[in-house]
Amino acid sequence: MSGAAPWVALLLAYAVGSLSFAVVVSRLMGLADPRTYGSKNPGATNVLRSGNKAAAALTLLLDAVKGWLPVWAVARWGGAWGLGDGTLALVGLAAFLGHLFPVFFRFQGGKGVATAAGVLLAFEPWLGVAVIASWVLIAGFFRYSSLAAIVAAVFAPLYYWFGDGAAWDVRAPVGLAVAAMSVLLLWRHAGNIQRLLAGQESKIGAKKGSPSR
């Protein structure tokens with residue numbers, strides 16, 4: 001990458017991604033810190049364990065927006081600054097990594113499902129819709145948020161590459177970013193995979209007094 005513009009875009013994307021809205025929303029709404037109960041994961045699913053559905057929904061929305069916004073901004077205005085597909089892909093990845101390792105919260109972040117969904121929606125809206133629909137289908141049928149995230153992560157790069165020429169034109173940097181996010185999502189869910197196999201994973205809606213998952 002040449003010039004300062006790509007680096008500025010990456011730093012801003014990472015900074016936006018580092019906003020841990022599970023913690024911020026919980027504080028503003030007078031709720032317990034989501035890092036102190038349930039799975040201790042600062043994400044919407046764990047906020048839901050507080051019993052406050054509005055807080056969980058707001059966290060989900062804001063976590064998705066922080067993934068979508070930097071990519072959309074580069075797609076919208078980046079051309080004037082010489083920012084191409086490579087920067088676009090890296091910006092999406094930077095926002096996602098910001099959620100996983102937030103500089104404002106001692107690099108202790110969430111698993112990145114909602115933020116990844118926002119990035120995918122910005123890369124290709126129909127790709128995002130397909131992946132979100134997969135999550136909703138699995139979560140609705142099996143009631144495991146982690147299982148839904150794992151399935152969505154596996155299918156995201158497949159959807160992208162097989163949609164080439166039909167729903168969108170594949171761009172290699174974007175495809176690599178999607179694959180990288182999928183691998184990182186699976187890595188962040190390693191413990192959930194073990195609990196699913198052992199039949200010990202908590203289902204969606206479990207209260208914060210339930211066993212920590």
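Remark: the backbone N or O of Ser146 is not paired with any side-chain donor or acceptor of Asn192 at under 3.5 angstrom. Thr36 places a side-chain N or O within 3.5 Å of a backbone atom of Asp33 that can act as its donor or acceptor partner. Judged purely by atom type and a 3.5 angstrom limit, Ser182 uses its side chain to pair as donor or acceptor with the backbone of Ala153. With hydrogens and angles disregarded, a donor-acceptor distance shorter than 3.5 Å links the side chain of Asn46 to the backbone of Asn41. Looking at Ser50, its side chain does come within 3.5 Å of a backbone N or O of Val47 through a donor-acceptor pair. Proximity of a side-chain donor or acceptor of Arg35 to a complementary backbone N or O of Val23 within less than 3.5 Å is not detected. Looking only at distances, no side-chain donor or acceptor of Ser26 sits under 3.5 Å from a matching main-chain atom of Pro34.
Here the shortest heavy-atom pairing between Val71 and Leu88 reads O-CD1, 3.4 Å. Here the closest heavy-atom approach between residue Leu93 and residue Ala177 is recorded as CD1-O, 4.4 Å.
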Review point. Checking side-chain contact (heavy atoms from CB on, under 4.5 Å) for the pair Trp135/Val113: CA distance, chi angles, key distance, verdict?
Key: CA-CA 10 Å; Trp135 188 96; Val113 177; 4.1 Å; yes
Exercise for review: Evaluate the criterion side chain to side chain donor-acceptor pair (under 3.5 Å) for residue pair Tyr159 and Ser134; output intermediate values, then yes/no.
Suggested key: CA-CA 11 Å; Tyr159 286 154; Ser134 298; 2.7 Å; yes
**Study point:** Evaluation steps, side-chain contact (heavy atoms from CB on, under 4.5 Å), between Tyr160 and Phe123
**Key:** CA-CA 10 Å; Tyr160 185 68; Phe123 280 160; 5.8 Å; no
Practice item. Step by step, work out the side-chain contact (heavy atoms from CB on, under 4.5 Å) result for Phe21 and Leu58. Key: CA-CA 8 Å; Phe21 284 111; Leu58 185 56; over 6 Å; no
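For Trp126, the CH2 atom is loosely surrounded, since the number of other residues' heavy atoms within 6.0 Å does not exceed 12. Heavy atoms of other residues, nucleotides or ligands lying less than 6.0 angstrom from CZ of Phe101 number more than 12. Annotation for Phe162: atom CZ does not count as buried by contact number, only 12 or fewer foreign heavy atoms lying within 6.0 Å.
Residues Val103 and Tyr14 have side chains in contact (heavy-atom distance under 4.5 Å, counting atoms from C-beta outward). Counting only heavy atoms from C-beta outward, the side chains of Leu97 and Leu184 approach each other to under 4.5 Å. Considering only heavy atoms from C-beta on, His99 stays 4.5 Å or farther from Ser18 through its side chain.
Side-chain N/O atoms of Lys111 and His189 include no donor and acceptor closer than 3.5 Å.
The pair Glu124-Arg171 counts as a salt bridge, with a side-chain nitrogen and a carboxylate oxygen less than 4.0 angstrom apart.
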